[in-house]
Amino acid sequence: MKGRRVLQRAVFLDRDGVIIRKAPEGQYITAWEQVEFLPGVGEALRQLRQNGFLLIVVTNQSAVSRDELAVEVLQSIHERMVHHLAQEGVTIDAIYYCPHDRNGKCQCRKPRPRMLLQAAEEHGIDLHQSWMVGDAATDIEAGNAAGCRTVWLRPASFDGESPPPAEFSATSIQEAAGWISGAGSRE
């Protein structure tokens, strides 16, 4: 009789608006020189790792399908981002991206949950013990559809209209990491 495989917990993180600063509306991050890490990201991600979470980035990157960003450049940006975070003591376990635009019928573009489901399958993740952290309704919808718990990072420009249905909302990645890290003690 084989032993049961113990599933891991993960925090799924949107990239733009959660780890790095978003490009202005209608624009895209298309070069490493445009990458600006948000304050406290390294510390927050270290806290999540220390609490036993895998860190998985899931990001929509429609600039690829619009021919505004080559896949090789996107991969280079991600490699440099992982290297930068490693220098801060953070290990990113995987990055999944959807290259399709909003009009595509793909299953990977958030709010569809395919990137999270694929990561769960490939990394042995218990989605019900995992979290999706994002700054857009599509992030929260993807997390909810995958069966994750969710944290919405309120953008500074949020005007108070109906927020997405997340379990918790935070103003920073540090606040989100603190909430997630303490969630087990509140259950």
Side-chain angles (χ1 to χ4, degrees), residues 7-32 34-35 38 41 45 48 53-82 85 91-155 157-158 161-167 169 173 176:
L7 297 178
Q8 302 185 74
R9 301 179 309 160
V11 175
F12 297 97
L13 303 147
D14 181 41
R15 189 190 80 174
D16 302 352
V18 174
I19 297 174
I20 63 174
R21 191 165 312 284
K22 269 189 165 174
E25 188 64 36
Q27 297 179 31
Y28 303 97
I29 302 291
T30 57
W32 175 251
Q34 297 170 306
V35 172
L38 291 171
V41 165
L45 298 184
L48 292 169
F53 290 96
L54 296 178
L55 300 175
I56 311 279
V57 177
V58 289
T59 179
N60 289 343
Q61 293 296 318
S62 64
V64 172
S65 68
R66 298 172 190 272
D67 291 328
E68 295 179 35
L69 177 62
V71 168
E72 299 80 19
V73 174
L74 176 62
Q75 290 171 337
S76 174
I77 290 169
H78 287 165
E79 288 168 9
R80 292 177 81 170
M81 183 178 79
V82 166
L85 290 168
T91 300
I92 299 295
D93 294 286
I95 298 177
Y96 294 83
Y97 68 91
C98 171
H100 308 110
D101 68 17
R102 287 182 181 88
N103 301 322
K105 301 288 186 224
C106 74
Q107 294 303 306
C108 56
R109 184 173 176 81
K110 294 178 289 180
R112 294 178 188 97
R114 183 65 198 141
M115 288 187 282
L116 287 79
L117 299 174
Q118 181 181 351
E121 183 178 311
E122 293 175 359
H123 296 276
I125 296 168
D126 180 347
L127 290 167
H128 298 290
Q129 295 298 313
S130 297
W131 295 81
M132 175 69 212
V133 179
D135 67 323
T138 54
D139 300 321
I140 303 310
E141 290 169 24
N144 288 336
C148 294
R149 300 171 77 179
T150 54
V151 175
W152 176 53
L153 287 188
R154 289 188 306 272
S157 62
F158 181 64
E161 302 229 352
S162 58
E167 181 171 329
S169 70
I173 188 68

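The shown structure was predicted, so the numbers you read here are calculated from the model rather than taken from an experiment.
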Side chain proximity check, [X] to [Y], heavy atoms < 4.5 angstrom:
X	Y	result
Ile125	Ile56	yes
Phe12	Ser130	yes
Glu141	Asn144	no
Tyr28	Leu74	no

So, [X] side chain and [Y] main chain: donor-acceptor pair closer than 3.5 Å or not?
X	Y	value
Gln34	Thr30	yes
Ser65	Pro99	yes
Ser62	Asp101	no
His100	Lys105	no
Thr150	Glu167	yes
Gln27	Pro24	no

Who passes side-chain hydrogen bond (donor to acceptor under 3.5 Å, both in side chains) against [X], sequence neighbours left out?
X	value
Asp16	none
Ser169	Arg154
Arg15	Gln61, His78

Heavy-atom closest contact ([X] atom, [Y] atom, distance):
X	Y	answer
Asp93	His123	O-CE1, 4.1 Å
Leu153	Gly17	CD1-O, 4.0 Å
Leu54	Gln8	CD2-OE1, 3.5 Å

Could you give me the CA-CA distance, side-chain angles and deciding distance for Ile173 and Val18, then say whether side chain to side chain contact (heavy atoms under 4.5 Å, CB included) is met? CA-CA 7 Å; Ile173 188 68; Val18 174; 3.9 Å; yes

Thr138 vs Asp14, side chain to side chain contact (heavy atoms under 4.5 Å, CB included): CA-CA, chis, key distance, verdict: CA-CA 10 Å; Thr138 54; Asp14 181 41; over 6 Å; no

